[in-house]
Each structure stands twice: as structure tokens, then as C-alpha cells.
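Chain identifiers are assigned alphabetically (A, B, ...) following the order of the sequence lines, protein sequences preceding nucleic acid strands; residue numbering begins at 1 within each chain.
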Amino acid sequence: MNQVRTRFAPSPTGFMHLGGVRTALYAYLFAKKNGGKFILRIEDTDQERFVEGATEVIYDTLRDCGILWDEGPDIGGDYGPYIQSERKSLYLPYARELVEKGAAYYCFCTKEEIEERRAAAEARGEVFKYDKHCLNLSREEVQAKLDAGVPYVIRMNAPTEGVSTYHDLVFGDMSFPNSDCMDDMVLIKQDGMPTYNFANVIDDHLMGITHVIRGMEYLSSTPRYNFLYSAFGWEIPQYIHLTTVMRDAQHKLSKRDGDAYYSDFIRKGFLTEALVNYLALVGWNPGTDQEFFTMDELVQAFDVRHLNKSPGIFDVTKLEWMNSQYVQKMDFDRYLEMATPWFDKALAGKGMDYRRLAELMQSRTDIFSRIPEKIAFLAEMPDYDTAIFFNKKQKSDENVAKEVLPLLLPVLEGVSDWTEQSIHDAVMAKIPEWGKKNGAVLWPMRIAISGQESTPGGAFEIAYLLGKDETIRRMKESLEKLS
RNA sequence: GGCCCUGUGGUCAAGUGGCCUAAGACACCGCCCUUUCACGGCGGUAACUCGGGUUCGAAUCCCGGCAGGGUCACCA
């Protein structure tokens, strides 16, 4: 058997859709699992859609994700070029070959004429299909128009009867009546560029792609591709059609939701590893209970038999959980480095101990973008309702606070070496003297200096982070607030 | 609308005719740990879309309904 070769063929739009990342991932995993090659090909046949810097977005995203290609525009390979626009001159001869074989023909109908016929068909409640109008032109008529420079497209001469079948590795045997799935689709556009459909077949064949892995939206157009392969006498590749990644049961993840792009998630503070790990599990499972995978483990575990046939909903909540697991397990220094800009967002200029803060925050970080809101109280004392001094279990309430805070004040003022340990020791030494439970002292203290029921870290950690002056100031302010 | 695909808890999912009075994970709820929260530990609620078959036996096979999705471009 030939070496497995898969490809990811995105068009450069300037963004990488998560669905695309997943498709690329599976194509990569499949190739690697089978000791094959993964090829990156840029499909930019649509000149009108050209976006500056868009191919870099594709490179960067894939590289970040660890989806590395063996052949591609930037690194070359034996089957280049890997950018369709640079292959432009290659397609027309193939289209002509098809014309010679009777599997395609020149069409001189203008867009306007076709639009008219389409509108007319729709008015009659019919679905428009190109009517093979130009197929009836004689060889001489065609040549005459060509010589006269009349603009043309080349269309596929699709069969109108019969049934087309093929086998999909995920969906099994597929069968379509030709009257429904076939269409005289355009192969070469008026501008001389091939359509995506045509270029795809040519490129996949020329690049020796053995397994075509793509979204299931191509399920019903695959017979057309197969018609082309057959017309050329080429071997038809294996197909692996992937389900759609959905936002909810009705909608797929779309650009308009603002959270369909890889970059959106990175901006929000998701870790690439978590994102890739999670994405791998939407529509595929390892057949075991394992949920956390490195790329190598993914390669080992990947098996098309465990690819699902039903679409999966992208569950951000679960992604957040997975991300928090990755955050917790990540190297502390890396966490500190990544968290620092987010700390700055809330605490810029406060000169706080970021190292200590990071220690406290690492287990409390699900996604980085939520850090500022969690630590905002450190920058500025929130306006709070004194009712939160009440906590049944800690035996605390406003009256207890009024009693305990004044006791605490001199103790804190007496701490000369403002470390967590000394604050802790000083306070803890006094609590038994006051005849209080720890909670009855520490709950009010924490509320008094944080203004929040829950905080990352306890009273001593918060006090340390805040510094002596600020702690004392907040204590006094809260005491005032209570009376 | 034609054609095609899909249908297990709120979500991801295991399940390929008996091992299913249906696993695991997220979320949710409760308990424990704890100076709060988080982390962690333990436990709980919750599902085979419906109707017909086939079979000794069906979540698993067949048919139909229903629901959702995809596709019908000189876009990719």
C-alpha cells in the first residue's frame, strides 16, 4: 500500500476557524498514526477574497497547535508549489483533456444569462441547474467563439442518470441518484482560474493524497469529484468526512458569535494545549476513559473508527474546566509569566508581590481573562454590604466584627515584619485570649480588608498582599462603616 | 422543496443483539477537607426521539413518523 498522505487545504481568510483546526488536527493525526505525511496546501483560487497576511495566520495557528506539516508552501516538498494560485497554469490543460474526453465542455453563457434562467426557474418553483445549453454547440462553433475571444468557462459534463456510490470511512456506503447530486459545475472560471472543486481534485491527485479528510458538507458533492477522477482514469482517494462542530443544536460555530476563531480563544486566555486537547474530543473519542492527551498520545490513540457520525456541540464550560486543569498542572514560572499581564490589568503600579499572588491564583484560574475581576479588590476596596460579615458557620456577624476588629487593629499595627508568617503568628496567638473561634476572628478580618465573601487566599494572605498600611487603612475604614 | 446525513442524561460520550435494572467526563446538588473561595476527596439527580416490526432476547437490525443538520454558486 502507498504511503498515507493527507492534507489540510484552507483558504486564507485571515482567521482560523476552530472547525478548521480540528479538521487539520485529525488529518495530521491520521497521517502520523499511519506513518504518513501531512501536507499543507493553500487554496487561494478566489482572487476577490485575498487577504493580506492571511497565510501567516494559518502557519502560526497550526504551528502553535503542534500540527506540523511535512510539505507546504513555506517548506516546500516534492509536489509543489503548494499554493494554488502558483499552480494556476497547471489546471487548464487538465480541463482541456476532459473536454477532449467528452467529460467537460466550453460554456459561453454569461453570468447574466444564467442568472436570468436561474431566476426564471426559481419563479417556477424549480431548482436551477445548468441546462447543458452550450454542450449543443458544434466543434466549429466552439472554435469560432474561442478564436473570437469570447469569454468562457469550462463545465463538467455530468451524467444525468444513474446512481453514484462511494465508501466513506466514517459514514459507510454512500449512494446518490445522479439526477440529484450531479451538476455541470464550472471547472475553469472566466478569469482562467480553476474553481475550488476542480483544483481540489487535480491537486489531491497530483500531490498523491490517499485520504481526503474534510467536513461533511462535502458528503453530497463527493460523487462529482469521483466523476472527475474516473474521467481522468485516476484512483479515487479514501474519504473521511468529519461532522460539524456546533455552537448549539441548531447552529454551527460561526464567525458572528465572536468565538469561532482560534485567536478569539487565545485572546481570552485559553491555553493552546487545552484547546487542542478539547477539540480532539469533540467528535472523536479514544475508546477509553482518558481525557488528557499530549499530541503524541493523540497520535497513538487516534483511530477513525472512533470518529462520530453525529455533530458535537462545542461546550465552552467543559473547555474552561479542561483549561483550568492545564493551568494547574503548568509550570509555575510559566504561569507567572502568562498571568503577569493580567495581574497588571488590575494592579498596575501597585507593586504587589506577583509571585505570591500567582501561587494563590494558579489553582483559581480557569481562563486568564478572568483574573482581573478576581483580584480587582486588591487594587481598590469594593463598596460592600456589611451584611456579609454574617457567617453562621464561622460564628461571625456585624456585632462580632465590631468587637473583633478593634481588638485586631493594635495586633496588626504591632507586626513589624509584615510577612504572612508573622501576621499569622501574631493573630493566632491572640485568638485564644479573646475566647473566640478562629473563624469568628478571621472571617471578619478578611471581609474587612477585602469587602468580599470569597477571595483568593485567606485573611493573612490578603493582608500580606495588601501591605501593612493598606491593611490597617481598610480595617479602620470598615470599622467606621460598621458604626 | 429534492437528495443526503444524524438522533443515548443539559453537554461531550461508552455501547457494533444477551455482560445494560446503560460506563466515564463537564455542569448541577449534597457531604468532607478548610480562616472564605478554589483545589482535592466522597456521594447524588439525570438519557436510549416516537411508533411499528425481526428475534427467545434490541439502545444495538429493518420500516415509517418526528426533530435537527448538510447540500443544491464562475465561494471555498
Nearest to the side chain of [X] - [options]?
| X | options | result |
| --- | --- | --- |
| S11(A) | rA76(B), rC37(B), rC26(B) | rA76(B) |
| K189(A) | rU35(B), rA76(B), rC12(B) | rA76(B) |
| E217(A) | rC26(B), rA13(B), rG70(B) | rG70(B) |

For this session: Name the residue closer to the 5' end of RNA chain B, choosing between N285(A) and S220(A) according to the nucleotide with the nearest heavy atom.
Result: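 By nearest-heavy-atom nucleotide position, the 5'-most residue is N285(A).
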
Who pairs with [N] - Watson-Crick or G-U, where each distance is under 3.5 Å:
| N | result |
| --- | --- |
| rC56(B) | rG18(B) |
| rU71(B) | rG2(B) |
| rU34(B) | none |
| rA13(B) | none |

Problem set entry | Salt bridge present between R305(A) and D303(A) (N-O < 4.0 angstrom) |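 Yes, charged N to carboxylate O under 4.0 Å.
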
Exercise. On a plain distance test, is the side chain of K393(A) in donor-acceptor contact with the base of rU34(B) below 3.5 Å?
Worked result: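 Yes.
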
Exercise. With rounding to whole Å, what would you report as the distance between rU49(B) and rG9(B) at their C1' atoms?
Worked result: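 About 13 Å, rounded to a whole number of Å.
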
Exercise. What interatomic distance, in whole Å, is found between C1' of rA25(B) and the corresponding atom of rU21(B)?
Worked result: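 Their C1' atoms lie roughly 23 Å apart.
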
Exercise. So which of Y335(A), F270(A), F265(A) actually passes ring-ring contact (aromatic ring centres under 6.0 Å, His included) with F368(A)?
Worked result: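 Among Y335(A), F270(A), F265(A), the one meeting ring-ring contact (aromatic ring centres under 6.0 Å, His included) with F368(A) is Y335(A).
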
